[in-house]
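Remarks on the structure that follows.
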2 protein chains.
Amino acid sequence: MAKTQSSDEMGTLSSKDLETVIRGADLRPTRQRLALANLLFAKGNRHITAEILHTEALDAGVKISLATIYNNLHQFTDAGLLREVVVDASKSYFDTNTLPHHHFFYDEEQRLEDIPDGQIRVENIPDIPEGYNISEVGVIVRLSRS
Amino acid sequence: MAKTQSSDEMGTLSSKDLETVIRGADLRPTRQRLALANLLFAKGNRHITAEILHTEALDAGVKISLATIYNNLHQFTDAGLLREVVVDASKSYFDTNTLPHHHFFYDEEQRLEDIPDGQIRVENIPDIPEGYNISEVGVIVRLSRS
DNA sequence: GAGTAGTTTAGAATATTTCTAAATTATTGA
DNA sequence: TCAATAATTTAGAAATATTCTAAACTACTC
């Protein structure tokens, strides 16, 4: 397997691989961090909030505080292993898919879902002011029950 | 002038007009509500947070509480006079332009700016699941200093 | 194994937004 | 005009999500 893998392909990482990923991000493979990495990266794409990840960790028997969840979500994000998606005014979602892509957001369920890259095209982005660059183009298609 | 006006054209409303707009939304033209409507709609498109609107009102000599700011922002939004734009994980922006359009967001300045409708096109939106409809397609182009 | 630097943690603090219940104001209709 | 009513405003408390602090703990280095 290639040494570098996109977050898209992290669905089958062994705990050895997870340790490698964590070390590659200049982080120590602590018990808590490994457990979070496992919850986040061991089963395909996820869109998760701090609170839900905390609950999942506790349910999995991992003793971990909410502060540590936040610390690690931000460290993973800084390391490029996660992407923060702003879609709800009151809480943050973290997406394990760091490749360029867009999202469906189900209003009633407060649930995010990937729209695979290439599927949507954004055309005709106007000129941007001198001295700036585009850091991200995000499309959110909001869905509600009809 | 036409009886119905898009929020786009509310830049020149007299206080009589503002009262009409407010009554049209089934709201009472109170001192506070008129003052807010004036701050919001009397000078072209705005993208504003509750806190900033509160400060502007106080600066203009209007005695008003923050709770009233929130009440009115939501009432205006429900009446279709404002649109809430989610772009920042920690606070909400309200946009006086309720026509379909997209946004630039200046990361460093935490500032929103309209991209006029028609300028950007979103193509190839995939099929959406049975039983849902698209309530909004939002594009945010994030800009950072280069 | 000792020293250090990174990590975790409980709990406090902060920020934004909502809620509550009481006081105030606008409206209606006698 | 005035009383009844319903909507509105308000201060302050509460709720929610997130960050901070400082102390305890753990992983790493030599």
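Order of the sequence lines sets the chain letters (A, B, ...), proteins ahead of strands, with each chain counted from 1.
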Where at least one partner belongs to [range], residue pairs that pass salt bridge (charged side-chain N to carboxylate O under 4.0 Å, His left out), sequence neighbours excluded:
{"range": "residues 44-54 of chain B", "value": "B:R46-B:E56"}
{"range": "residues 121-135 of chain A", "value": "A:R121-A:E123, A:R121-B:E123, A:E123-B:R121"}
{"range": "residues 20-40 of chain A", "value": "A:E19-A:R23"}
{"range": "residues 66-85 of chain A", "value": "A:R83-A:E136"}

In chain order, what residues pass the ring pair (Phe, Tyr, Trp, His ring centres under 6.0 Å) check against B:Y132, with sequence neighbours excluded?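 Counting only residues at least two positions away or on another chain, B:Y132 forms a ring pair (Phe, Tyr, Trp, His ring centres under 6.0 Å) with A:Y106.
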Report the residues that fulfil ring pair (Phe, Tyr, Trp, His ring centres under 6.0 Å) with A:H101, sequence neighbours left out, ordered by chain and then residue number. A:H103
Atom pair distance, as rounded to whole Å: [atom1] in [X] and [atom2] in [N]:
{"X": "B:R33", "N": "D:dA7", "atom1": "CZ", "atom2": "C1'", "answer": "8 Å"}
{"X": "A:I48", "N": "D:dA17", "atom1": "CD1", "atom2": "P", "answer": "15 Å"}
{"X": "B:D26", "N": "D:dA6", "atom1": "CG", "atom2": "C1'", "answer": "13 Å"}
{"X": "A:E51", "N": "D:dT16", "atom1": "CD", "atom2": "P", "answer": "10 Å"}

Polar side-chain atom of B:N124 near backbone of A:Q119 as donor-acceptor pair, under 3.5 Å: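 Between the backbone of A:Q119 and the side chain of B:N124 there is a qualifying donor-acceptor contact (under 3.5 Å).
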Just to be sure I understand the rule, does B:S92 reach a base, reach only the sugar-phosphate, or reach nothing, if contact means heavy atoms closer than 4.0 Å? sugar-phosphate
Starting from A:V86, walk the hydrophobic network (Ile, Leu, Val, Met, Phe, Trp, Tyr; side-chain heavy atoms closer than 4.5 Å) and list everyone else you reach, by chain and number.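 ILVMFWY cluster around A:V86 also holds B:V86.
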Kindly give the cluster partners of B:Y93, where membership spreads through any ILVMFWY side chain lying under 4.5 Å from a current member.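 In the cluster with B:Y93 are B:V85, B:V87, B:F105, B:L112, B:I140.
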Return the residues of residues 62-78 of chain A meeting this criterion: a heavy atom under 4.0 Å from some atom of DNA chain D. Order them by number, or give none. A:L66, A:A67, A:Y70, A:H74
Judged by nearest nucleotide, the residue sitting upstream toward the 5' end of DNA chain C, A:T30 or B:L27, is A:T30
Hey, could you give me each pair passing ring pair (Phe, Tyr, Trp, His ring centres under 6.0 Å) that has a residue in residues 20-39 of chain A? Not counting sequence neighbours. none
Table of protein N/O atoms under 3.5 Å from nucleotides 28-30 of chain D N/O atoms:
{"from": "D:dC28", "atom 1": "OP1", "to": "A:R23", "atom 2": "NH1", "distance (Å)": "2.8"}
{"from": "D:dC28", "atom 1": "OP1", "to": "A:R23", "atom 2": "NH2", "distance (Å)": "2.9"}

Taking any atom closer than 4.0 angstrom to a non-hydrogen atom of chain A, what span of DNA chain C does the protein reach, first nucleotide to last?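 In short, chain A contacts DNA chain C from C:dA5 to C:dA10.
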Hey, are B:H102 and B:D114 close enough side-chain-wise for a donor-acceptor pair under 3.5 Å?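 No, no side-chain donor-acceptor contact under 3.5 Å.
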